[in-house]
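Here is how names work: the chains are called A, B, and so on, in the same order as the sequence lines, proteins then strands, and each is numbered from 1.
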2 protein chains.
Amino acid sequence: MKTPAVIAALAALAHEYRLAIYRLLVEQGTGGLPAGAIGDRMGLQPSSLTFHLQALQRAGLISQQRASRQIIYSADYDTMNGLVGYLTDNCCAAEGAACCPAPSARAARTARRKKAA
Amino acid sequence: MKTPAVIAALAALAHEYRLAIYRLLVEQGTGGLPAGAIGDRMGLQPSSLTFHLQALQRAGLISQQRASRQIIYSADYDTMNGLVGYLTDNCCAAEGAACCPAPSARAARTARRKKAA
DNA sequence: TTGACCTTTCGAGAATTCTTGAAATATCGT
DNA sequence: ACGATATTTCAAGAATTCTCGAAAGGTCAA
């Protein structure tokens with residue numbers, strides 16, 4: 001995951017409503033949720049909801065799919081994996097720093113991520 | 001780590017300069033770096049640099065310490081750990097979702113975090 | 001094809017964030 | 001105490017993000 005994409009994902013999640021929407025969609029799993037249902041739970045105006053959904057989508061955190069009249073949104077787990085990978089990798093660059101996951105866990109996660117990419 | 005703090009940390013990192021500054025400080029380890037040296041490397045105006053350093057500091061991602069005339073900034077790893085923990089915990093809330101680190105790694109990280117808090 | 005439903009688009013205004021230069025603060029060496 | 005160095009504060013303006021209401025775009029059922 002490149003730095004501009006990381007910044008986009010961070011910015012997308014750095015908002016009360018968007019973080020809540022994303023968490024809600026993660027809970028829903030691959031089934032996702034139609035826009036209207038999201039708006040109801042969040043108490044958001046339709047146009048405001050679309051604004052935030054688009055922000056999440058541009059960042060690659062969620063994706064949409066039309067189902068007749070409704071538009072179903074669901075979480076894109078890959079982007080979150082990439083984000084967490086970037087943050088953990090860049091968290092412990094200094095050797096011996098008292099931080100983050102233990103080296104073994106970090107190595108395992110890096111290997112898994114490289115395979116996925 | 002509570003949601004407002006998570007949003008603050010995400011917002012602080014969601015900016016080109018601030019993410020670069022944070023990464024630079026992480027590389028430096030506990031020794032940190034004086035404000036001037038950060039500004040030189042980033043090519044930032046002093047007042048702009050202070051603005052961004054304060055944003056990172058308010059989010060708990062970095063801390064400062066005076067050393068005679070200079071002010072040394074260094075990364076606060078705990079907040080990043082908390083942020084990564086929050087993101088990983090909330091990434092795989094749906095059971096069986098094809099996402100994030102394997103359950104065992106997640107459990108280990110959660111246990112470590114709880115101990116630290 | 002008409003009307004109802006669900007969602008997005010558009011435009012305007014409010015709020016927030018970012019940048020910049022000038023002035024202020026704090027520390028040091030002389 | 002004075003001048004130099006390092007950084008922050010302040011105020012103003014530019015840029016961006018967010019919210020809201022009205023209108024438009026698809027999709028379905030009759």
Colleague: To the nearest Å, give me how far apart CD1 (B:Ile72) and P (D:dA6) are.
Modeller: 12 Å

Colleague: How many angstroms lie between atom CD1 of B:Ile7 and atom CG of A:Leu13, to the nearest 0.5 angstrom?
Modeller: 9.5 Å

Colleague: Closest to the A:Gln70 side chain: D:dT8, D:dT7, C:dT7?
Modeller: C:dT7

Colleague: Take the protein atom CZ of A:Arg58 and the nucleotide atom P of C:dT8, then report the distance between them rounded to whole Å.
Modeller: 13 Å

Colleague: Quick check against the 3.5 Å criterion: does A:Ser74 have a side-chain atom that pairs as donor or acceptor with the backbone of A:Gly31?
Modeller: no

Colleague: When the distance from CG of B:Leu56 to P of D:dT8 is rounded to whole Å, what number comes out?
Modeller: 12 Å

Colleague: Supply the atom-to-atom distance B:Ile72 CD1 to B:Thr30 OG1, rounded to the nearest 0.5 angstrom.
Modeller: 12.0 Å

Colleague: Would a single hydrophobic cluster contain both B:Leu24 and A:Leu87, if residues Ile, Leu, Val, Met, Phe, Trp and Tyr are joined by side-chain heavy-atom contacts under 4.5 Å?
Modeller: yes

Colleague: Which pair of heavy atoms, one from B:Tyr17 and one from B:Met42, lies closest together, and at what distance?
Modeller: O-SD, 4.3 Å

Colleague: Along nucleotides 16-30 of chain D, 5' to 3', which nucleotides get a B, which get an S, and which get a -, given that the test is a protein heavy-atom distance under 4.0 Å?
Modeller: --BBBB----BBSS-

Colleague: Compare side-chain N and O positions of B:Tyr73 against OP1 and OP2 of D:dA6 and report whether any pair is under 4.0 Å apart.
Modeller: no

Colleague: Any chance you could measure A:Leu56, atom CG, to A:Gln64, atom CD, to the nearest 0.5 Å?
Modeller: 12.0 Å

Colleague: Grab the CD-C1' distance between B:Gln54 and C:dT19 for me, whole Å please.
Modeller: 14 Å

Colleague: Rounded to whole Å, how long is the line connecting atom CG of B:Leu19 with atom P of C:dC18?
Modeller: 13 Å

Colleague: Whole angstrom is fine here: how far is it from CD in B:Glu16 over to C1' in C:dT17?
Modeller: 15 Å

Colleague: Is the backbone of B:Leu44 close enough, under 3.5 Å, to the side chain of B:Ser48 for a donor and an acceptor to pair up by distance?
Modeller: no

Colleague: Answer with base, sugar-phosphate or nothing: what part of the nucleic acid does B:Gln64 contact at a heavy-atom distance below 4.0 Å?
Modeller: sugar-phosphate

Colleague: Within this structure, what is the CD-to-P distance between A:Gln57 and C:dT7, rounded to whole angstrom?
Modeller: 14 Å

Colleague: What integer distance in Å separates B:Ile71:CD1 from D:dT9:C1'?
Modeller: 12 Å

